[in-house]
Amino acid sequence: MNSFVIADPSLCIGCRTCEVACAVSHQSSSGSGTLEREGGLQLAIEDGHLVSKDSYFQPRLKVIVGSKVTTPVLCRQCEDKPCAVACPNHAIVTEDGCVKVLQARCIGCKSCVVACPYGAMAVVVKEVAPAAGALFKRPQTKAQALKCDLCRHREAGPACVEVCPTQALRLVTPASLGELNRQKQLASAEAMGACQRQPVLAQG
C-alpha cells in the first residue's frame with residue numbers, strides 16, 4: 001500500500017508555505033536535467049494564487065482558497081492510479097511506495113491530467129540542459145508531468161508536512177493507516193458494548 005499526504009481543511013490557513021517548500025525542494029533534486037535558476041525565485045500573488053513569472057517555480061501541490069474551504073490539493077498516490085492507466089507511454093509507475101513519473105518517457109500529452117480525479121497532475125514545459133552529444137548547446141525545452149512524489153529525495157520526508165505552521169498536512173503511511181483503523185474498530189466495539197449494556201425500557 002502506498003503512503004500519501006492528507007490535508008485537514010479545518011487547520012489550513014491558506015498561507016501557501018507548503019507550495020514554496022515543495023517548489024524549493026524540487027528545484028535541484030528532480031534529476032531530470034532541469035537548469036538551476038540564479039538570483040532566487042520571483043514570486044507574486046495573482047487572483048489569489050501564488051505564481052512565478054518563470055517555469056522554475058513548480059509546486060507539486062496546489063492550495064485552493066475558496067469562500068467555503070481552504071486546503072491544499074495533492075496526489076493521493078492511488079493504488080489503481082487512473083493517471084497511469086491513461087498514460088500511453090507507460091511513464092507513470094509505482095516505486096518505493098509512491099506513484100512516480102518517469103520523465104524520460106513523458107511526452108506531455110496531458111492524458112494523466114484529464115484522468116486524475118483530484119486535479120493533482122500538471123504538465124509543464126521546462127528548460128533542460130542539452131544532451132552531451134548535441135550539435136547545438138542551447139537550452140532546450142521538454143514537457144514534464146509533475147505530481148507529488150512524497151519528496152523521496154529528502155530524508156526528512158515531504159517538505160510540505162515539515163513546514164506547515166498549523167500542522168494541517170500529515171504523512172499517512174500503511175502502518176499509521178492500519179493503527180488509525182484499529183483505533184476506529186476499538187471505538188466502534190466499545191460503543192456497541194455500551195449500547196448492549198443499557199437497560200431496555202419497558203414499552204407501554
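- Looking at heavy atoms from C-beta onward, C18 lies in side-chain contact with P72 at the 4.5 angstrom threshold.
- In this structure, K68 contributes its side chain and G66 its backbone to no donor-acceptor pair below 3.5 Å.
- Of the N and O atoms on the side chains of K81 and T94, at least one donor lies less than 3.5 Å from an acceptor on the other residue.
- Here the side chains of C98 and S3 are not in contact, with every heavy-atom distance at 4.5 Å or above.
- Proximity of H153 to S25: side-chain heavy atoms (C-beta onward) are separated by under 4.5 Å at one or more points.
- Put simply, the side chain of Q77 reaches to within 4.5 Å of the side chain of K147, judged on heavy atoms.
- Membership of the apolar cluster around L102 extends to V93, as traced through chained side-chain contacts below 4.5 Å between ILVMFWY residues.
- One distance of note links CD of Q58 with CD of E19; it measures 11.0 Å at 0.5 Å rounding.
- Scanning all heavy atoms of the two residues, the minimum distance from A159 to C151 falls at N-SG, 3.4 Å.
- A salt bridge links R152 to D96: one of the charged nitrogens lies within less than 4.0 Å of a carboxylate oxygen.
- Apart from L74 itself, the hydrophobic cluster it occupies contains V5, L61, L150, V161, L169, L171, where clustering links Ile, Leu, Val, Met, Phe, Trp and Tyr at side-chain heavy-atom distances under 4.5 Å.
- Listed by chain and number, the hydrophobic cluster partners of I92 are V99, V101, V113, M121, V123, where partners are ILVMFWY side chains within reach of under 4.5 Å, directly or through others.
- Checked by atom type and distance alone, the side chain of K142 pairs as donor or acceptor with a backbone atom of C106 at under 3.5 Å.
- Legend: residues meeting salt bridge (Lys or Arg N to Asp or Glu O under 4.0 Å) with R154, ordered by chain and number and at least two apart, are E162.
- Between the side chain of E95 and the backbone N or O of K100, no donor-acceptor pair lies under 3.5 Å.
- Residues P88 and C109 have side chains in contact (heavy-atom distance under 4.5 Å, counting atoms from C-beta outward).
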Please assess H26 against D149 for the test side chain to side chain contact (heavy atoms under 4.5 Å, CB included), listing each intermediate value before the final yes or no. CA-CA 10 Å; H26 288 90; D149 58 5; 2.9 Å; yes
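- In this structure, SG on C116 lies 11.0 Å from CZ on R76, to the nearest 0.5 angstrom.
- Side chain of N89 to backbone of R105: a donor-acceptor contact under 3.5 angstrom is found.
- Heavy-atom minimum distance, A91 versus C87: N-SG, 3.2 Å.
- Within the hydrophobic cluster formed by Ile, Leu, Val, Met, Phe, Trp and Tyr side chains joined at under 4.5 Å, directly or through other members, F4 is accompanied by M1, I6, V172, L177.
- Residues passing the salt bridge (Lys or Arg N to Asp or Glu O under 4.0 Å) test with D80: none are found, sequence neighbours excluded.
- Considering all non-hydrogen atoms of both residues, A7 and P9 come closest at O-CD, 3.4 Å.
- Minimum heavy-atom separation, G108 to A143: CA-CB, 3.7 Å.
- Sparse packing is recorded around CD of Q167, with 12 or fewer heavy atoms of other residues, nucleotides or ligands lying under 6.0 Å away.
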